[in-house]
2 protein chains.
Amino acid sequence: MPRPKKQHITIRDVAKTAGVSPITASRALQNSELVRPATREKVAQAAKDLAYIPNFAAGTLSSDISRIVAVIVPNMSNSIFADTLQSIANSLRPAGYNLLIGSNDYSLDLEQDLVRTFLSRRVDALVLTGHLHSEETKSLIRGSGVPTVEMWSITDDPLGVSVGISNYDAAFAMTRHLLDQGHRRIGFIGGLLENNDRTQSRLRGYHEALEQAGIEFDTSLVRHEDFDFDRGSMAMRNLLSENGRIDAVFAASDVLALGALLECLRQNLKVPDDIAVSGFDDARIASIMNPALTTIGIPRESIGKKIAEVILQMIRGDEPEQKIFDMGFTLIERGST
Amino acid sequence: MPRPKKQHITIRDVAKTAGVSPITASRALQNSELVRPATREKVAQAAKDLAYIPNFAAGTLSSDISRIVAVIVPNMSNSIFADTLQSIANSLRPAGYNLLIGSNDYSLDLEQDLVRTFLSRRVDALVLTGHLHSEETKSLIRGSGVPTVEMWSITDDPLGVSVGISNYDAAFAMTRHLLDQGHRRIGFIGGLLENNDRTQSRLRGYHEALEQAGIEFDTSLVRHEDFDFDRGSMAMRNLLSENGRIDAVFAASDVLALGALLECLRQNLKVPDDIAVSGFDDARIASIMNPALTTIGIPRESIGKKIAEVILQMIRGDEPEQKIFDMGFTLIERGST
DNA sequence: AACCATAATGGTACCGATACCATTTTAGCG
DNA sequence: CGCTAAAATGGTATCGGTACCATTATGGTT
């Protein structure tokens with residue numbers, strides 16, 4: 001035993017000083033309707049006097065309820081995910097839930113490990129990013145019966161409930177927008193495709209919008225990079241040097257788009273006259289850039305809120321009214337296109 | 001009971017099919033050196049066959065070890081905090097720890113609530129941001145004996161261990177840098193002072209650097225805003241309209257600095273010729289902006305790593321070699337000054 | 001082959017809260 | 001005032017691991 005074993009104050013101690021039974025003390029501290037206000041008062045006072053700190057582990061073991069919700073995101077550094085985490089946390093806090101957060105760095109194996117640990121911790125609900133998971137992960141979750149939400153992208157066949165937007169539609173709309181502006185040679189800078197259904201769908205949206213406009217899909221105009229400003233710049237530099245004649249770029253992430261936009265400016269290209277640039281996500285800085293970035297607005301806040309709402313429903317045992325919540329996107333037209 | 005009670009597979013089931021006692025099974029699954037490899041194998045196989053999922057709550061109750069570390073940050077949206085969270089999580093994962101994350105939105109009361117809950121969850125360690133806490137929070141932590149790290153700012157008298165940088169020194173150095181460049185009327189845009197020791201120290205650093213240079217501290221050149229690009233722009237607009245003659249601005253956060261920088265550009269001011277702008281944090285986008293932002297580099301990665309390292313030590317029961325880890329900052333000179 | 005130190009293993013109790021069912025108290029009513 | 005239904009409260013077992021101490025195998029030594 002590393003640290004000296006501590007003798008904690010238990011609910012029995014509280015019960016004793018309050019002159020009630022442990023179970024009554026328990027109920028009083030849970031604000032159960034079953035105990036008389038006067039009793040509740042007594043117990044609360046005793047707890048305070050003794051500086052009682054409950055032991056959730058004992059409660060969880062006994063009730064199989066942990067009041068923990070686990071969320072797995074690819075990473076926390078990307079502000080898009082961070083915002084959603086924040087929103088989920090805020091919406092869940094009033095109900096007494098804490099957030100256990102894991103990042104999988106786009107690895108399905110890591111995700112699987114995380115899911116396994118979280119299930120061991122008897123989390124009350126699980127939130128995953130996207131709908132690409134290992135078979136093992138899926139069967140673990142199904143077998144556990146833990147309420148599960150897949151977020152960001154929507155899928156016809158969610159593990160539990162899906163809350164997000166149609167990345168395909170959004171990318172299609174943005175490409176359409178660029179086409180409508182008269183652009184014909186439109187580059188694409190997206191994230192890495194592997195294990196990232198958002199990027200995959202966005203690429204498809206771009207691809208099919210082009211095809212429907214009768215423009216051939218040209219691989220030499222497509223780049224895939226890690227989500228990093230630098231990478232966006234690099235990809236842009238690369239596209240420009242190898243394809244002098246592109247007149248627009250759709251970057252399927254604002255991080256990449258801003259990198260690309262700044263690279264254009266650095267090369268003294270006029271945006272949007274010489275080249276139009278559009279992004280995806282509506283990162284906070286997108287709106288104050290010069291020129292401001294045309295992008296896809298995603299209701300991050302509402303997504304987080306909806307996730308929290310659905311989770312609480314499912315934990316309560318209610319079936320949510322839908323399996324798929326399409327929270328909708330907005331094409332935000334700004335100066336860069 | 002909301003969901004139908006589930007009959008879980010327990011370690012006793014595993015032990016039975018492996019033909020050993022529960023305690024041996026437990027040890028085998030912990031990879032204890034005490035069990036023979038052959039036995040470990042048997043148990044592992046049984047666990048796999050039964051799709052055994054351990055119950056950490058039971059383990060925690062019994063051993064008083066949760067393998068959870070709780071971190072409290074003001075918010076997760078700020079990429080600075082997000083990066084540190086990521087780094088702590090990455091460094092702690094190999095040791096089997098998960099992160100319970102709470103945000104207090106700069107409220108000491110909220111922080112206190114979070115600390116109380118986290119202690120109830122018997123977290124193995126606690127990481128707080130800064131060293132401003134309610135008395136109640138401090139006594140809760142002291143009473144619990146939980147290893148605690150205060151991060152970001154360093155303080156002479158930490159609750160446990162302090163890992164961060166001297167915000168005062170960094171702000172002093174940056175102000176000095178602006179002075180060295182010949183600037184005399186230097187504006188300051190910082191975060192809100194309330195419950196934010198980082199902002200407080202940075203303001204002091206700015207203030208005292210001016211004084212030592214024989215320049216009077218002028219309140220009309222100081223602005224305090226929420227950390228938001230918009231707010232940075234707003235503050236800048238405001239400073240410029242009310243003080244035509246300022247020749248530099250030190251924004252004590254890159255979010256604010258970038259907002260300010262972009263506002264200057266929008267007003268067709270030449271940066272740094274007409275006005276110099278510097279920041280704090282070295283946000284990722286700072287380096288690719290045009291002009292790139294002069295700022296204070298903070299070793300976020302190393303801070304996270306060091307925190308994890310110290311935590312593991314303390315959990316092991318070892319005293320860390322120091323109480324205060326000053327991880328150092330770098331003044332990164334770029335085009336904006 | 002006997003012996004001993006060490007390595008492996010096992011039995012039982014316990015961590016601290018809550019579930020479950022039983023019991024007591026309270027309040028409403030004729 | 002007695003009776004009954006409903007409201008409060010209590011006793012005891014239990015959740016599923018691991019601590020603690022005891023016991024049994026194992027292997028090396030002379």
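Predicted model, so just to flag it, every value in this text is computed and none were measured.
Within the 4.5 Å cutoff, the side chain of A:R198 has heavy atoms near those of the A:T129 side chain.
Using a 4.0 Å cut-off, some side-chain N or O of B:H8 falls inside it from OP1 or OP2 of D:dG16. For the pair B:R12 and D:dG16, the criterion of a side-chain N or O lying under 4.0 Å from OP1 or OP2 is not met.
Atom CG of B:D64 is separated from atom C1' of D:dC20 by 16 Å (rounded to the nearest Å). One can place CG of A:L29 at 16 Å from P of C:dG16, the figure rounded to the nearest angstrom. One can place CG of B:L50 at 14 Å from P of D:dG16, the figure rounded to the nearest angstrom. Counting to the nearest Å, the P atom of D:dT24 and the CG atom of B:L34 are 18 Å from each other. One atom, CD of A:Q30, and another, C1' of D:dA8, lie 17 Å apart when rounded to the nearest Å. When rounded to the nearest whole Å, the span between NZ of A:K16 and P of D:dG10 equals 14 Å. Rounded to whole Å, the distance from CZ on B:F56 to P on D:dT18 is 9 Å. Protein atom CD1 of B:I53 is 17 Å distant from nucleotide atom C1' of D:dC15, rounded to whole Å.
Note on ring orientation: taking the six-membered ring where Trp is involved, the planes of B:W152 and B:F81 are perpendicular (angle over 60°, cut-offs 30° and 60°).
Nearest nucleotide to the A:T24 side chain, out of C:dT26, D:dC15, D:dG10: D:dG10. Each of D:dT18, C:dG16, C:dG11 was ranked by its minimum atom distance to the side chain of A:A58; first place goes to C:dG16. Residue B:I11 has its side chain nearest to D:dT18 when only D:dA8, D:dG10, D:dT18 are considered. Considering only the side chain of B:R36, C:dT9 comes nearest among C:dG16, D:dG17, C:dT9. You'll find that the side chain of A:I23 is closest to D:dG11, out of C:dG16, D:dG11, D:dT18. Taking the side chain of B:Y52 as heavy atoms from C-beta on, and the options C:dA17, D:dT18, D:dG17, the nearest nucleotide is D:dG17. Listed candidates were D:dG17, D:dA19, C:dG16. Nearest to the side chain of B:S26 is D:dG17.
Nearer to the 5' terminus of DNA chain C, by closest-nucleotide assignment, is the contact made by B:P22 (compared with the other of B:P22 and B:L61).
Counting any heavy atom pair closer than 4.0 Å across all strands shown, B:T39 reaches sugar-phosphate atoms only and no base atom.
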**Request:** Verify side chain to side chain contact (heavy atoms under 4.5 Å, CB included) between B:I311 and B:V149, making sure each step is shown before the conclusion.
**Result:** CA-CA 8 Å; B:I311 283 177; B:V149 174; 3.9 Å; yes
**Request:** Output, in order, the C-alpha distance, side-chain angles, deciding distance and verdict of side chain to side chain contact (heavy atoms under 4.5 Å, CB included) for A:Y52 and A:L29.
**Result:** CA-CA 11 Å; A:Y52 169 66; A:L29 294 173; 3.6 Å; yes
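No side-chain N or O of B:S87 forms a donor-acceptor pair with one of B:E301 less than 3.5 Å apart.
Between the base of D:dG10 and the side chain of A:R27 there is a donor-acceptor pair shorter than 3.5 Å. Counting distance only, with no hydrogens placed and no angle test, the side-chain atoms of B:S62 and the base atoms of D:dG17 include a donor-acceptor pair under 3.5 Å.
Judged by a 6.0 Å distance limit and a 45° cone about the ring axis, B:R67 is positioned over the six-membered ring of B:Y97.
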